[in-house]
Amino acid sequence: MLIAVYGASGYQAELVLTELSRQEVAVRLVGRNRERLESAAARVGIPDPDLRVADSTQHDTVLAALAGSDVVINCAGPFTESGAALVAAAIDAGVHYVDTAGEQLYVNDVFERFGSTAGNAGVTVVPATNDGCLPGDLLAHLIAGQAGPLAEITVSHFITGGGGPSRGSLRSAAAAADAMIAGGLIYDDGAWHTRLPVRHQSIELPDGETVAMAQLPLCEVVTIPRHVQVGHVESLVSAALKAALAAPLPPELISGLPVGPTAHDRAGQHFTYLLDAVDLDGLRTRGVIRGRDTYGTTAVIAVEAARRLASGSSPTGVCTAAQAFDAADFLNTLTGHHLTWMIQSSTPATR
């Protein structure tokens, strides 16, 4: 098994490389600058690294860099600007593809543009294998299996601590600023819509606290309706976080910030992701995902997804996590990495 990592000198990519090395998986580092690739390999402790210099704007060069690998993990954001080029190159190279994207409109574009192309090439593409989208998508599949057809699912993300975003995350947020401010997509009545008002202005946390919420374009809105029979899907974060994200930093300021949070900061970060589903009879089922260290969890998830694709057991084409992998098995694998999940009993829905 050989897994290529594109954008291998970046912050998230270094965590991915560390996880691949921990699992003793053969890895190829791909990126635009050889010196940075060499430095990344040295920091991780990869002896005699397999390095390939390639830029996403140069299709043939990327094809050559990916040739012979089983899967590529794309960590190079902003994905809105360059992700589609990597997907196209992976498909042409016959290499399975995952990425760590959190940009909702980009993820939707991957499904819309590359489904038949990837399927015809015998390639599996799974975008958004990150800490939020993949567990949420898998858990929604399990909720639907238990509760049946659903009237709606509300996805809510809560994150505390962590020392702030990485430079890459800030640049991705800036690239998707328009969608961030507008709220992105809502799935309703069989289609995705923009500028549709959310149904929920507040969410009750598991500890009983009620928090004011606002719409944010999370990727689960794109993935869940592709495998769950559901009438409406929307995604929310706290109103306070939405207000902070509504003013993206200028590029020159981002460049002067630390590359990303320290290991100490990441260890103190905690997240809770809620999936509140209402079935056709008005009964609510809540899925709860808890964990720590979003960047570290994303690295574990992306590597696990890549390893599973390398086994050749997933369907081809562009797939959601729940379409590509066994939902319960994947989630249970993550419990060894400080992530827990549960589905709470059905109760009458309240508005």
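In this text, all values refer to a predicted model and were calculated from it rather than measured experimentally. Note that the numbering runs from 1 along the sequence shown for the chain.
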Next on the checklist: If we count only N and O atoms by modelled type, under 3.5 Å, do the side chains of D276 and H200 hold a donor and an acceptor together?
Outcome noted: no

Item to check | Short side-chain donor-acceptor distance under 3.5 Å, H337 and D293 | outcome: no

Checklist entry - Is the side chain of T124 donor-acceptor paired with the backbone N or O of P315 at a distance under 3.5 Å, no angle test? => result yes

Checklist entry - In the single-linkage hydrophobic clustering (I, L, V, M, F, W, Y; side-chain heavy atoms under 4.5 Å), do V233 and V288 co-cluster? => result no

Next on the checklist: Please report the interatomic distance CD1(I203) to CZ(F158), rounded to the nearest 0.5 Å.
Outcome noted: 6.0 Å

Next on the checklist: If I take atom CD1 from residue I301 and atom CD1 from residue I73, how far apart are they, to the nearest 0.5 angstrom?
Outcome noted: 12.0 Å

Checklist entry - For R32, does the CZ atom have more than 12 heavy-atom neighbours from other residues, nucleotides or ligands under 6.0 Å away? => result no

Checklist entry - Do the side chains of F271 and T297 get nearer than 4.5 Å, heavy atoms only? => result yes

Checklist entry - Within 45° of the axis and under 6.0 Å from the centre of the six-membered ring of F111, does NZ or CZ of R226 qualify? => result yes

Checklist entry - Could you state the interatomic distance from CD (E38) to CG (N33), rounded to the nearest 0.5 Å? => result 9.0 Å

Next on the checklist: If we ignore hydrogens and angles and just use 3.5 Å, is the side chain of Y6 paired with the main-chain N or O of S56 as donor and acceptor?
Outcome noted: yes

Checklist entry - Between atom CE of M1 and atom CD of E24, what is the distance when rounded to the nearest 0.5 Å? => result 12.5 Å

Checklist entry - When rounded to the nearest 0.5 angstrom, what distance separates CZ in F325 from CD in E304? => result 8.5 Å

Next on the checklist: Between I159 and L216, is there shared hydrophobic-cluster membership here, with clusters defined by ILVMFWY side-chain heavy atoms closer than 4.5 Å?
Outcome noted: yes

Item to check | Backbone of L2 reached by a side-chain donor or acceptor of D70 within 3.5 Å | outcome: yes

Checklist entry - Looking only at atom types and distance, does a side-chain atom of T298 sit under 3.5 Å from a main-chain N or O of D131, one as donor and one as acceptor? => result yes

Checklist entry - Does NZ or CZ of R308 lie under 6.0 Å from the centre of the six-membered ring of F330, at an angle within 45° of the ring axis? => result yes

Next on the checklist: Could you check whether Q344 and R284, counting side-chain N and O atoms only, form a donor-acceptor pair closer than 3.5 Å?
Outcome noted: no

Next on the checklist: Grouping I, L, V, M, F, W and Y whenever their side-chain heavy atoms are under 4.5 Å apart, do I91 and V30 come out in a common cluster?
Outcome noted: yes

Checklist entry - Is the closest side-chain donor-acceptor distance between D265 and T262 under 3.5 Å? => result yes

Item to check | Heavy-atom check, side chain of H59 versus side chain of D92, under 4.5 Å | outcome: yes

Next on the checklist: Could you go through T285 and D279, starting from their C-alpha distance and side-chain angles, then the distance that decides it, and tell me whether this counts as side chain to side chain contact (heavy atoms under 4.5 Å, CB included)?
Outcome noted: CA-CA 8 Å; T285 302; D279 70 14; 5.9 Å; no

Checklist entry - Would you say T335's side chain and N332's backbone share a donor-acceptor pair under 3.5 angstrom? => result yes

Next on the checklist: Check whether D99 reaches the backbone of A128 with its side chain - one donor and one acceptor, N or O, closer than 3.5 Å.
Outcome noted: yes

Item to check | C219 side, atom SG; L134 side, atom CG - distance, nearest 0.5 Å | outcome: 11.0 Å

Next on the checklist: Membership question, hydrophobic clusters at under 4.5 Å side-chain separation (ILVMFWY): are L138 and L142 in the same one?
Outcome noted: yes

Checklist entry - Would you say L105 and T80 make side-chain contact, with heavy atoms under 4.5 Å? => result no

Checklist entry - Between Q12 and Y295, is there a donor-acceptor pair closer than 3.5 Å when you use the side chain of the first and the backbone of the second? => result yes

Next on the checklist: Less than 3.5 Å apart, any donor N or O on the side chain of H270 or R292 sitting next to an acceptor on the other?
Outcome noted: no

Item to check | Worked check of side chain to side chain donor-acceptor pair (under 3.5 Å) between S169 and S166 | outcome: CA-CA 5 Å; S169 294; S166 70; 3.2 Å; yes

Item to check | Side-chain donor/acceptor of R28 to backbone N/O of A65, under 3.5 Å | outcome: yes

Next on the checklist: Applying side chain to side chain contact (heavy atoms under 4.5 Å, CB included) to L274 and V155, what does each step give before you reach the verdict?
Outcome noted: CA-CA 6 Å; L274 305 177; V155 181; over 6 Å; no

Checklist entry - Could you walk me through whether T210 and E204 pass the side chain to side chain donor-acceptor pair (under 3.5 Å) check? => result CA-CA 4 Å; T210 298; E204 183 178 316; 4.6 Å; no

Next on the checklist: Determine whether W192 and V221 satisfy the following criterion, side chain to side chain contact (heavy atoms under 4.5 Å, CB included), listing intermediate values before the conclusion.
Outcome noted: CA-CA 9 Å; W192 285 272; V221 172; 4.0 Å; yes

Checklist entry - Are V300 and L339 close enough that some pair of their side-chain heavy atoms sits under 4.5 Å apart? => result no

Next on the checklist: Under a plain distance cut-off of 3.5 Å, with no hydrogens placed, do H157 and E220 share a side-chain donor-acceptor pair?
Outcome noted: yes

Next on the checklist: Treating E234 as the side-chain partner and V198 as the backbone partner, does any N or O pair qualify as donor plus acceptor under 3.5 Å?
Outcome noted: no

Next on the checklist: Do Y11 and L37 sit in one hydrophobic cluster, given that two such residues count as connected whenever their side-chain heavy atoms are within less than 4.5 Å of each other, even indirectly?
Outcome noted: no

Next on the checklist: If you define the side chain from C-beta out and look only at heavy atoms, does anything of D60 sit under 4.5 Å from Q58?
Outcome noted: no

Checklist entry - Can a donor-acceptor pair be found between the side chains of Q215 and S235 at a distance below 3.5 Å? => result no

Next on the checklist: I want to check something: taking the side chain as every heavy atom from C-beta on, are I46 and V27 in contact at a cut-off of under 4.5 Å?
Outcome noted: yes

Checklist entry - If only atom types and distance count, is the side chain of Q146 paired as donor or acceptor with the main-chain N or O of I143 below 3.5 Å? => result no

Checklist entry - Charged N to carboxylate O under 4.0 angstrom, D188 versus R199? => result yes

Checklist entry - Closest heavy-atom contact between Q104 and L218? => result NE2-O, 2.8 Å

Item to check | Check: T100/N130 side-chain N/O donor and acceptor closer than 3.5 Å | outcome: no

Item to check | Flag side-chain contact, heavy atom, 4.5 Å: V71 against S69 | outcome: no

Next on the checklist: Would you say that more than 12 heavy atoms from the other residues, nucleotides or ligands in this model lie under 6.0 Å from the NE2 of H193, or not?
Outcome noted: yes

